[in-house]
Engineer: 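Input: one structure, supplied below.
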Amino acid sequence: MVELRKPIPVAEAVRRVMDNVQPIGTENVPLEDTYGRILAEPIIAKHDVPPFDRSPYDGFAIRAEDSTGASGEERVAFSVIGEIGAGHVGEKALGANEAYRIMTGAQIPLQADTVVMLEQTVEQGNGFTIRKAFAPGENISFQGEDAKEGETLIEAGTLIHPGTIALLATFGYAEVKVGKRPVVGILSTGTELLSVSDELVPGKIRNSNGPMVEAQLKQMGIECRSYGAMEDDLDACTAIVEQALAETDVLLTTGGVSVGDYDYLPAIYERLGAKVLFNKVMMRPGSVTTVAVLEGKLLFGLSGNPSACFTGFELFARPAILGMMGGTAPYMPRMKAKLGEDFTKPNPFTRFIRAVWELAPEGLITVPAGFNKSNAVSSIARGNCLIVLPSGTRGYEKGMEVDILLIGAEQGVRDWVL
Ligand code: AMP
Ligand code: MG
């Protein structure tokens, strides 16, 4: 008898997954290895940035008061008493109508409170003249204007990107406390599966989900543990799932979650005593996506259909894995775009369409990336976003505004809002 499954809304499925996510701990890593990791401590300014008043230009450091009354007719003259290159400091305090030649990034010398840009001066003798008065503080990059000592600049739970690394380096974080990366296992199931280097034979196809999901993990900086492809054999698959669970923090399987005669994942979950969080989601593709939990470990049963597998990973596995790493913005970023094509068929379930977004004169436009059934592989290759069409009786017409979820975005967002 075919088992009856109760479909749940996508947002509810995401919530059930995220309710079962546990951060797996932290570790200290050298700064150069932190790209793509999740901060496990806030970045607090250890000192002011900049740490001293400095020059934003190449020019001359002067006392503003000495420039009072300068004009085209009454140019004011300064004598240069020395030069300060970046990384050096001026030895002397400035006196009346004295100036230091100063380079970008150099510390402002004592008594100086203004920098005159090189272009604003005319050379004269061992000095220069200027034709305008300067206010104190003009052209100074002030100590602490970027960050004040003690200020919390970035919260724990944030993804570390190149800008974050610049900030960490600024404060001398040679080691950074980050969330541990989970060990993620991948197992592809299906008697029809060949490996990438095999010749096609009747009835068989190459395993594209395994390499795709590996790459989806790699995008998150995670090297997976691959359990290869298995034939649909209940005992053998149960044994390998059991082994994988012992060796990994989270297991992704592809295929075998439908209700066909050889779809063994439901039976495997039952044999192992895993608690199924859901086995039917109100979405297309990927309605059969199943997520179970055993001894605190999540098992993602992704559909074998490539587009469904891809979408299931992005919607459920990615945020869960980021959550395990302590990430607080694990969801795909969302934008609004205008549909570039009609989608008149009503959807009983929310539809996620592999698509391309681009900026046209009339604003952001999104068009489906070609053949778009759940078994499509070509449109995953072409797409850079997923169009979200909520379920309902009405169709969607060209020009209507829709939500799109961005694929491959480095930084996610805090809330799942669809
Ligand atoms: P299943 O989810 O096992 O019912 O598979 C659904 C469809 O996806 C079938 O047409 C399978 O042949 C295909 N499929 C299953 N696994 C893979 C895979 N790893 N790579 C490409 N296609 C797959
Ligand atoms: Mg199968």
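Side-chain atoms are counted along with the backbone in the values below, which use heavy atoms only and exclude waters and symmetry mates. Counting convention: from 1, in listed order, for ligands and their atoms alike.
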Engineer: Any side-chain heavy atom of Cys224 sitting closer than 4.5 Å to one from Lys218?
Structural biologist: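 A side-chain contact under 4.5 Å is absent here.
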Engineer: Could you give the side-chain donor-acceptor pairs of residues 130-139 under 3.5 Å, partners two or more places apart or in another chain?
Structural biologist:
unit_1, atom_1, unit_2, atom_2, d
Lys132, NZ, Glu138, OE2, 3.0
Glu138, OE1, Ala135, N, 2.8
Asn139, ND2, Val115, O, 2.8

Engineer: Heavy-atom contacts with Gly255 under 4.0 Å: which atoms of ligand 1 show up? List them by number with element.
Structural biologist: 1 (P), 2 (O), 3 (O)
Engineer: Counting heavy atoms only, which part of Thr254 comes closer than 4.0 Å to ligand 1: side chain, backbone, both or neither?
Structural biologist: side chain
Engineer: Within the 4.0 Å heavy-atom shell around Asn207, which atoms of ligand 1 are there?
Structural biologist: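 Here the atoms of ligand 1 in question are 18 (C), 19 (N), 20 (N).
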Engineer: Identify which of Thr253, Asn305, Val288 has a heavy atom lying nearest to atom 10 (O) of ligand 1.
Structural biologist: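 Residue with the shortest heavy-atom distance to the ligand atom: Asn305.
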Engineer: Which residue and non-hydrogen atom of the protein lie closest to atom 11 (C) of ligand 1, and at what distance in Å?
Structural biologist: Glu192 OE2, 2.9 Å
Engineer: Under a 4.0 Å heavy-atom limit, does Ser258 contact ligand 1 with its side chain, its backbone, both, or neither?
Structural biologist: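 Only the side chain of Ser258 comes within reach of ligand 1.
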Engineer: Closer than 4.0 Å to some heavy atom of Asp263 - which atoms of ligand 1 meet that?
Structural biologist: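 Contacts of ligand 1 toward Asp263, numbered from 1: 3 (O), 4 (O).
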Engineer: Could you tell me, atom by atom, which parts of ligand 1 come under 4.0 Å of a heavy atom of Gly256?
Structural biologist: 1 (P), 2 (O), 3 (O)
Engineer: Any side-chain heavy-atom pair from Leu298 and Ile321 closer than 4.5 angstrom?
Structural biologist: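 Of all side-chain heavy-atom pairs linking Ile321 with Leu298, none is under 4.5 Å.
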Engineer: Please determine whether a side-chain nitrogen of the Lys or Arg among Glu12 and Arg15 lies less than 4.0 Å from a carboxylate oxygen of the Asp or Glu.
Structural biologist: yes
Engineer: Would you say the side chains of Glu247 and Tyr227 form a donor-acceptor pair under 3.5 Å?
Structural biologist: yes
Engineer: Can you tell me which residue and heavy atom of the protein come closest to atom 21 (C) of ligand 1, and the distance to 0.1 Å?
Structural biologist: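 The closest one turns out to be Ser208 OG, 3.3 Å.
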Engineer: To the nearest 0.1 Å, how far is atom 18 (C) of ligand 1 from its closest protein heavy atom, and which atom is that?
Structural biologist: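 Protein heavy atom at minimum distance: Asn209 ND2, 3.1 Å.
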Engineer: Under 4.0 Å, heavy atoms only, figure out whether ligand 1 is touched by the backbone of Val377, its side chain, both or neither.
Structural biologist: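 Looking at Val377 and ligand 1, no heavy atom falls under 4.0 Å.
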Engineer: Heavy-atom contacts under 4.0 Å between Ile205 and ligand 1: side chain, backbone, both, or neither?
Structural biologist: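 Answer for Ile205: side chain.
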Engineer: So, the side chain of Arg54 versus the backbone of Phe142: is there a donor-acceptor pair under 3.5 Å, distance only?
Structural biologist: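 Checking the backbone N and O of Phe142 against the side chain of Arg54, no donor-acceptor pair under 3.5 Å is found.
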Engineer: Which salt bridge (charged side-chain N to carboxylate O under 4.0 Å, His left out) pairs, counting each pair once, include a residue from residues 265-285, with sequence neighbours left out?
Structural biologist: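 Qualifying pairs, neighbours excluded: Asp235-Arg271.
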Engineer: Apply salt bridge (Lys or Arg N to Asp or Glu O under 4.0 Å) to residues Glu27 and Arg37 and explain how you reach the verdict.
Structural biologist: CA-CA 11 Å; Glu27 61 186 340; Arg37 305 296 296 262; 2.6 Å; yes
Engineer: Any donor-acceptor pair under 3.5 Å linking the side-chain atoms of Gln143 with those of Asp53?
Structural biologist: no
Engineer: Which bit of Asn375 is near ligand 1, meaning a heavy atom under 4.0 Å away: side chain, backbone, both or neither?
Structural biologist: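 It is neither; nothing of Asn375 touches ligand 1.
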Engineer: Only heavy atoms count here, so choose which of Gly304, Ser188, Gly260, Gly286 is nearest to atom 2 (O) of ligand 1.
Structural biologist: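 Checking each option, the heavy atom nearest atom 2 (O) of ligand 1 is found in Gly304.
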